[in-house]
Amino acid sequence: MIDARLITLRVFARCGTIGGTAELTGYSPSAVSAQLRELQRVLGMQLLTKDGRGVRLTATGRFLVAGADPLIAQWETLRAAAMEAGDQVQSHFGLGGFSSAAAQLLAPLAATLRSTHPLLEVQVLEADPARCFDLLIAERIDLAVIIAMQSDSYGEDDPRFEQRVLLDDPLDVIIPGDHPLASRETATLEELASEPWITEAAGSTYHSLFTAAFTAVGVTPRIAHEAVEWETHIAFVGAGLGVGLLPRLAPLHGAENVVRLRITGKSKPTRRIVAAVRRGSIAAPLIQESLGILQVNANRILTERLEEEEL
């Protein structure tokens, strides 16, 4: 079994502060400091050194953290195999993901797991991708659902994680109910290029998707408004301020004066949604079960979403 104090050291190496480590691990700052001091004492190594009002890793500490990655992956593999051999699951299972994934995928998954495993404690945390990876390192969660473009700071070759594609979520266009194209089921980006568009600010993941989609068809959209939350995008469209892109996984929630159309033509923008776990744990029975449930639910939502909103 991996010493919990080593996990705390890895989290500290990631966030760089005692306070940040405490927040991620759920320990108090004093408990984090005590764990790190005790780990130094037990190992007989100086892992931390003073750095102004805080502390930082020594060269020894950095080397130890990097060398621990394959050991922890081996432990995860052994633990997963042992649970499978004994037909067992862990007692606590943590899930994390961005807002629409947490609402549309992780909440139903948690409900299913609680039904099929009555003794299992399931916790769901809504978090952005960077925090999800930090929570995986801290072992606060066991499975994260993220957008592939938002995991670039870690990368698919990061030795600490494994990723599996769950679905490619199409982006649809949403337009006001009184728009000339509102009676149709599909539209092309070329047809809508001159419309006032609503998107996120430059530098965001969705602005990048938005820009790439129009670049592919060789047109430049007119950005009239910026919004961050999908509810805000929908409200702006409903007020007749413009048109926007909406992932099919995100529901309209019966919004008034808003119609969703599938995008056809040369560019059909999508966002790739992936599941991330600690390396070595992918074969764990509960993770395999969860991946299967997530994919079934995601495919069902994508199939039914437009039909539901046409009723």
Side-chain angles (χ1 to χ4, degrees), residues 1-8 10-11 14 21-27 68-69 71-148 150-151 154 158 160-167 249 273-301:
M1 187 174 69
I2 300 297
D3 194 315
R5 294 168 295 189
L6 181 57
I7 302 302
T8 301
R10 293 179 87 223
V11 176
R14 170 58 191 161
T21 303
E23 193 277 329
L24 283 169
T25 58
Y27 300 129
D69 290 342
L71 295 177
I72 291 173
Q74 289 176 22
W75 163 244
E76 292 286 356
T77 300
L78 176 60
R79 179 165 59 174
M83 286 189 292
E84 183 179 18
D87 194 24
Q88 297 183 29
V89 298
Q90 61 244 52
S91 59
H92 179 274
F93 194 56
L95 303 167
F98 62 97
S99 58
S100 53
Q104 302 298 315
L105 296 176
L106 295 182
L109 170 61
T112 299
L113 292 177
R114 291 176 64 184
S115 175
T116 55
H117 304 282
L119 300 181
L120 177 66
E121 179 185 352
V122 184
Q123 183 179 34
V124 183
L125 302 178
E126 180 184 339
D128 63 43
R131 179 170 169 78
C132 280
F133 281 112
D134 290 343
L135 290 168
L136 283 169
I137 293 172
E139 299 192 1
R140 289 276 303 284
I141 62 173
D142 303 285
L143 186 152
V145 176
I146 60 172
I147 297 169
Q150 295 178 325
S151 65
Y154 288 86
D158 191 308
R160 297 170 294 181
F161 310 108
E162 293 180 78
Q163 297 183 22
R164 292 290 184 274
V165 175
L166 290 178
L167 71 149
L249 190 63
I273 297 177
V274 302
V277 300
R278 287 183 295 277
R279 187 166 298 276
S281 68
I282 194 75
L286 208 52
I287 288 178
Q288 285 294 305
E289 180 180 350
S290 297
L291 291 174
I293 294 170
L294 285 170
Q295 290 184 316
V296 168
N297 287 344
N299 290 334
R300 175 184 53 79
I301 290 172

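Listed here is the closest heavy atom pair of Pro285 and Ala80: CD-O, 3.9 Å. Shortest non-hydrogen contact noted between Val165 and Gln295 is O-NE2, 3.2 Å. Shown here for Val89 and Met83, the closest heavy-atom pair between the two residues is C-SD, 4.0 Å. For the pair Ser281 and Ile287, the tightest heavy-atom approach, listed with the atom from each and the gap, is O-CD1, 3.3 Å.
Residues passing the side-chain contact (heavy atoms from CB on, under 4.5 Å) test with Val296: none are found, sequence neighbours excluded. Among residues two or more places apart in sequence or in another chain, the side chain to side chain donor-acceptor pair (under 3.5 Å) test is passed with Thr21 by none. Applying the side chain to side chain donor-acceptor pair (under 3.5 Å) test to His117 and every residue at least two apart in sequence or in another chain returns Glu289. Qualifying salt bridge (charged side-chain N to carboxylate O under 4.0 Å, His left out) partners for Arg5, counting only residues two or more places apart in sequence or in other chains: Asp3, Glu38. In this view, Asp69 and Arg10 satisfy the side chain to side chain donor-acceptor pair (under 3.5 Å) rule, not counting sequence neighbours. Not a single side chain to side chain donor-acceptor pair (under 3.5 Å) links Arg140 to another residue, sequence neighbours left out. With sequence neighbours excluded, the residues that form a side-chain contact (heavy atoms from CB on, under 4.5 Å) with Ala22 are Pro29, Val32. Legend: residues meeting salt bridge (charged side-chain N to carboxylate O under 4.0 Å, His left out) with Asp128, ordered by chain and number and at least two apart, are absent.
Note that CG of Leu136 and CZ of Phe161 are 5.5 Å apart. Values are rounded to the nearest 0.5 Å. The line from CD1 of Ile147 to CG of Leu166 is 12.0 Å long, rounded to the nearest 0.5 Å. Rounded to the nearest 0.5 Å, atoms CG (Asp142) and CG (Leu135) are 11.0 Å apart.
Two residues are said to be in side-chain contact when any heavy atoms from C-beta on lie closer than 4.5 Å; Glu162 and Arg279 meet this criterion. Taking the side chain as every heavy atom from C-beta outward, Ile301 and Leu167 never approach each other to under 4.5 Å. Here the side chains of Leu24 and Arg14 are not in contact, with every heavy-atom distance at 4.5 Å or above.
Listed by first and then second residue, the salt bridge (charged side-chain N to carboxylate O under 4.0 Å, His left out) pairs involving residues 73-93 are Glu76-Arg79, Glu76-Arg278 (not counting sequence neighbours).
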Trace of the side chain to side chain contact (heavy atoms under 4.5 Å, CB included) decision for Leu294 with Leu143: CA-CA 11 Å; Leu294 285 170; Leu143 186 152; 4.0 Å; yes
Working for side chain to side chain contact (heavy atoms under 4.5 Å, CB included), residues Ile146 and Val274: CA-CA 6 Å; Ile146 60 172; Val274 302; 3.4 Å; yes
Candidate pair Ile7 and Ile137, rule side chain to side chain contact (heavy atoms under 4.5 Å, CB included), full reasoning: CA-CA 7 Å; Ile7 302 302; Ile137 293 172; 5.7 Å; no
Distance-only donor-acceptor pairs under 3.5 Å for side chains of residues 94-102, two or more places apart:
{"residue": "Ser100", "atom": "OG", "partner": "Arg271", "partner atom": "NH2", "Å": "3.2"}

Report all side-chain donor-acceptor pairs from residues 103-114 shorter than 3.5 Å, counting only partners two or more places apart or in another chain.
{"residue": "Gln104", "atom": "OE1", "partner": "Arg305", "partner atom": "NH2", "Å": "3.3"}
{"residue": "Thr112", "atom": "OG1", "partner": "Pro108", "partner atom": "O", "Å": "3.0"}

Run the side-chain donor-acceptor check on residues 119-126: report pairs under 3.5 Å with partners two or more places apart or on a different chain.
none

